[in-house]
Amino acid sequence: MQIGLMGFGTIGSGVYELINSKFNDIRVKKILVRGLHGRSENLFTTDKDEILRDDDIDTIVIAIGDDAVSYEIATEALKRGKNVVSANKEIVVNHLSEFIKLANENNVKFRFESTVGAGLPWIKTLCEYGKINNISKVYGNFNGTSNFILDMMKRDGIDFKEALLKSRILRYQEPDYFDDITGVDSRNKLIISMMLAFNKFVVPKDIPTYGIQNIRSLDFGFFERHKLTPKLMSYAMIDNDKVAAIVAPTLYEQSTLRANVRGNNNMLGMVGDVIGEVQIIGAGAGKYSASNGVLLDLLEIINGDDIKLTLPERVTIDETRITHRFYFSFDQSSYKIERILLPYVHSIFETQDSFVITTRNISLDTCIDLLEKIEDTDERFFFAVYGDEEIS
Ligand SMILES: NC(=O)c1ccc[n+]([C@@H]2O[C@H](COP(=O)([O-])OP(=O)(O)OC[C@H]3O[C@@H](n4cnc5c(N)ncnc54)[C@H](O)[C@@H]3O)[C@@H](O)[C@H]2O)c1
Ligand SMILES: N[C@@H](CCO)C(=O)O
């Protein structure tokens with residue numbers, strides 16, 4: 001196998017290292033970089049077309065965060081009869097059907113194992129188990145960076161900014177870290193999982209998505225007193241062809257397994273009608289975990305394993321069937337938020353200069369209406385699904 005490696009950042013350099021140290025039958029022939037900076041022109045180039053035109057290269061690995069260029073590379077490579085392995089998630093979310101068609105027409109493979117759970121065998125598991133099971137639910141703390149930040153804040157008592165910086169140094173973050181902390185990256189991974197598990201596609205903006213960017217140390221004071229642990233979770237379920245989904249911080253009782261998924265680990269879960277519940281836990285972000293995911297794809301292509309990808313059907317979302325309790329924290333000066341939530345209150349807690357309101361059981365639909373009204377007030381708040389019973 002001869003590889004054209006697009007990108008030489010965290011993942012690109014990790015893939016290069018792994019191939020050279022472990023695989024004699026795979027060769028990286030050329031690497032795309034933004035600037036040569038003294039590197040050898042025998043191996044590096046700034047011209048993606050030089051790689052795409054090279055007939056010796058049979059497989060392209062995409063490890064750049066630039067979505068437009070990644071899309072161009074993927075389509076062009078597939079049309080030229082090259083296999084494509086993408087670490088870029090956005091292009092999978094937005095163009096999977098097109099890539100599947102192009103790959104089938106040109107008798108090559110399009111693979112993307114590292115896009116969810118980095119090196120964990122998640123995509124493969126969903127595809128294989130989906131042949132035997134009707135999968136009714138997928139869920140997980142899909143983002144290693146936010147899990148790491150929440151874990152550091154809880155266990156080491158450091159503040160959000162410091163934990164964010166540490167996750168950057170450890171290279172867990174997306175090229176744009178806002179995608180990690182606002183839930184966008186989790187949503188992308190949920191959408192990819194839904195396409196494989198349910199064969200349904202929901203447009204990203206339709207999935208209610210809340211992140212951890214507004215969490216504060218005072219929230220951790222509340223969690224500690226109530227023996228709760230926050231995790232940024234994604235959930236999707238399907239019942240009679242109706243799909244519900246949400247990405248939101250969720251508060252689990254400290255003793256539960258989900259509360260104890262540490263550091264940059266992901267816990268990825270699915271429920272199938274034959275197998276029941278399956279969970280996979282392991283490093284979900286970082287140079288070597290993601291490179292491991294890319295290598296899984298390359299080996300699968302070399303071995304000719306056949307994962308059959310089918311074209312997902314576009315559907316709208318129906319959130320009426322989910323009911324739960326929810327958590328809101330905001331400054332005491334944010335009286336507009338308090339007024340909006342008052343009819344739904346289960347408990348109110350007052351701390352030094354802030355309020356925590358937990359709601360009674362309400363439908364997710366109602367909660368989303370409340371959130372939209374609260375967002376209109378332009379006031380800062382933190383929102384979470386409250387309580388350790390699973391959303392279902
Ligand atoms: N970091 C992770 O743990 C992880 C895991 C799975 C998937 N991914 C995905 O892999 C991709 C790469 O992530 P990363 O962490 O390696 O990012 P990175 O920022 O470390 O590296 C990206 C590299 O691509 C280069 N690049 C960007 N646009 C380019 C262009 N047009 N031409 C040439 N080079 C270009 C950048 O200069 C940089 O060196 C992203 O799409 C990310 O979402 C990352
Ligand atoms: N930034 C991503 C990388 C893995 O996709 C995360 O933290 O999960």
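Position 1 is the first residue of the sequence; numbering continues from there. Both counts, for ligands and for their atoms, begin at 1 and track the order of listing. Just so we're clear, the structure is a prediction, and the values are computed from it rather than from any experiment.
- For ligand 1, the atoms lying closer than 4.0 Å to a non-hydrogen atom of Asn88 are 41 (O).
- Note on Leu196 and Val203: same hydrophobic cluster, where clusters join Ile, Leu, Val, Met, Phe, Trp and Tyr whose side-chain heavy atoms are under 4.5 Å apart, directly or indirectly.
- Among Asp66, Ile64, Asp49, the single residue meeting the side chain to side chain contact (heavy atoms under 4.5 Å, CB included) criterion with Ile73 is Ile64.
- Taking the six-membered ring for Trp and the full ring otherwise, Phe44 and Phe8 have centroids separated by under 6.0 Å.
- With Tyr210 as the fixed residue, the ring pair (Phe, Tyr, Trp, His ring centres under 6.0 Å) test singles out one of Tyr327, Phe383, Phe326, Phe381: Phe383.
- Tested against Phe330 for a side chain to side chain contact (heavy atoms under 4.5 Å, CB included), the candidates Ile357, Thr377, Ile374 yield a single pass: Ile357.
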Write 'none' if nothing qualifies; otherwise put on separate lines each N/O atom of ligand 2 with a protein N/O atom under 3.5 Å away and their distance to 0.1 Å.
| from | atom 1 | to | atom 2 | distance (Å) |
| --- | --- | --- | --- | --- |
| ligand 2 | 1 (N) | Tyr172 | O | 2.7 |
| ligand 2 | 1 (N) | Glu174 | N | 3.4 |
| ligand 2 | 1 (N) | Glu174 | OE2 | 2.8 |
| ligand 2 | 1 (N) | Asp180 | OD1 | 2.8 |
| ligand 2 | 5 (O) | Lys89 | NZ | 2.7 |
| ligand 2 | 5 (O) | Lys189 | NZ | 2.8 |
| ligand 2 | 7 (O) | Asn143 | ND2 | 3.4 |
| ligand 2 | 7 (O) | Gly144 | N | 3.4 |
| ligand 2 | 7 (O) | Thr145 | N | 2.8 |
| ligand 2 | 7 (O) | Thr145 | OG1 | 2.6 |
| ligand 2 | 7 (O) | Tyr172 | O | 3.1 |
| ligand 2 | 7 (O) | Asp180 | OD1 | 3.4 |
| ligand 2 | 8 (O) | Asn143 | ND2 | 3.4 |
| ligand 2 | 8 (O) | Gly144 | N | 2.8 |
| ligand 2 | 8 (O) | Lys189 | NZ | 2.9 |

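- For atom 3 (O) of ligand 1, the nearest protein heavy atom (residue, atom name, distance) is Gly286 N, 2.8 Å.
- Here is the list of ligand 1 atoms found below 4.0 Å of a heavy atom in Gly65: 40 (C), 41 (O).
- Residue Glu174 touches ligand 1 through its side chain alone, judged by heavy-atom distances below 4.0 Å.
- Remark: Tyr129 OH is loosely packed, at most 12 non-hydrogen atoms of other residues, nucleotides or ligands lying under 6.0 Å away.
- The pair Lys29-Asp56 counts as a salt bridge, with a side-chain nitrogen and a carboxylate oxygen less than 4.0 angstrom apart.
- Electrostatic pairing of Lys200 and Asp241 counts as a salt bridge here, judged by a charged N lying under 4.0 Å from a carboxylate O.
- The pair Arg314-Asp206 does not count as a salt bridge, with every side-chain nitrogen at least 4.0 angstrom from each carboxylate oxygen.
- Each of the atoms 7 (C), 43 (O) of ligand 1 lies under 4.0 Å from some heavy atom of Lys89.
- Considering only non-hydrogen protein atoms, atom 23 (C) of ligand 1 sits nearest to Gly9 N, 3.8 Å.
- Proximity to Ala285 (heavy-atom distance under 4.0 Å) selects the following atoms of ligand 1: 3 (O).
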- Query: So Asn147 and Lys231, side chain to side chain donor-acceptor pair (under 3.5 Å) or not? Walk me through it.
  - Reply: CA-CA 6 Å; Asn147 201 67; Lys231 296 282 163 198; 3.2 Å; yes
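- Judged by the 6.0 Å and 45° rule, Arg258 forms a cation-pi pair with Tyr139.
- Only the backbone of Ala63 comes within 4.0 Å of ligand 1, judged by heavy-atom distances.
- Polar contact check, Arg34 against ligand 1: a nitrogen or oxygen pair lies under 3.5 Å apart.
- Taking the charged nitrogens against the carboxylate oxygens, Lys373 and Asp369 have no contact shorter than 4.0 Å, which rules out a salt bridge.
- Of all atoms in ligand 1, listed by their number and element, those nearer than 4.0 Å to a heavy atom of Asp66 are 28 (N), 31 (N).
- Residue, atom and distance of the protein heavy atom nearest to atom 44 (C) of ligand 1 are Ile11 CG1, 3.7 Å.
- The atoms of ligand 1 that sit less than 4.0 Å from any heavy atom of Ala87 are 7 (C), 8 (N), 9 (C), 10 (O).
- Of the protein's non-hydrogen atoms, Pro175 CG, 3.9 Å is the one closest to atom 19 (O) of ligand 1.
- Ring centroid separation for the pair Phe349 and His226 comes in under the 6.0 Å cut-off.
- Partner of Lys89 under the side-chain hydrogen bond (donor to acceptor under 3.5 Å, both in side chains) criterion, chosen from Asn94, Asn188, Asp185, Asp67: Asp185.
- The single protein non-hydrogen atom nearest to atom 18 (P) of ligand 1 is Thr10 N, 4.0 Å, given as residue, atom name and distance.
- Residue Leu32 approaches ligand 1 through these ligand atoms, each under 4.0 Å from one of its heavy atoms: 32 (N), 33 (C).
- From the protein, the heavy atom lying nearest to atom 6 (C) of ligand 1 is Ser114 O, 3.3 Å.
- Set against the non-hydrogen atoms of Ala290, the atoms of ligand 1 under 4.0 Å away are 5 (C), 6 (C).
- The protein atom (non-hydrogen) at minimum distance from atom 24 (O) of ligand 1 is Ile64 CG2, 3.3 Å.
- Ligand 1 has no N or O atom lying under 3.5 Å from any N or O atom of Thr115, backbone or side chain.
- Between Glu105 and Lys101 there is no salt bridge, since no side-chain N of the basic residue sits under 4.0 Å from a carboxylate O of the acidic one.
- Ligand 1 lies within reach of Val33, whose nearest heavy atom is under 4.0 Å from it.
- Residue-environment remark: CG (Asn107) stays at or below the threshold of 12 foreign heavy atoms within 6.0 Å.
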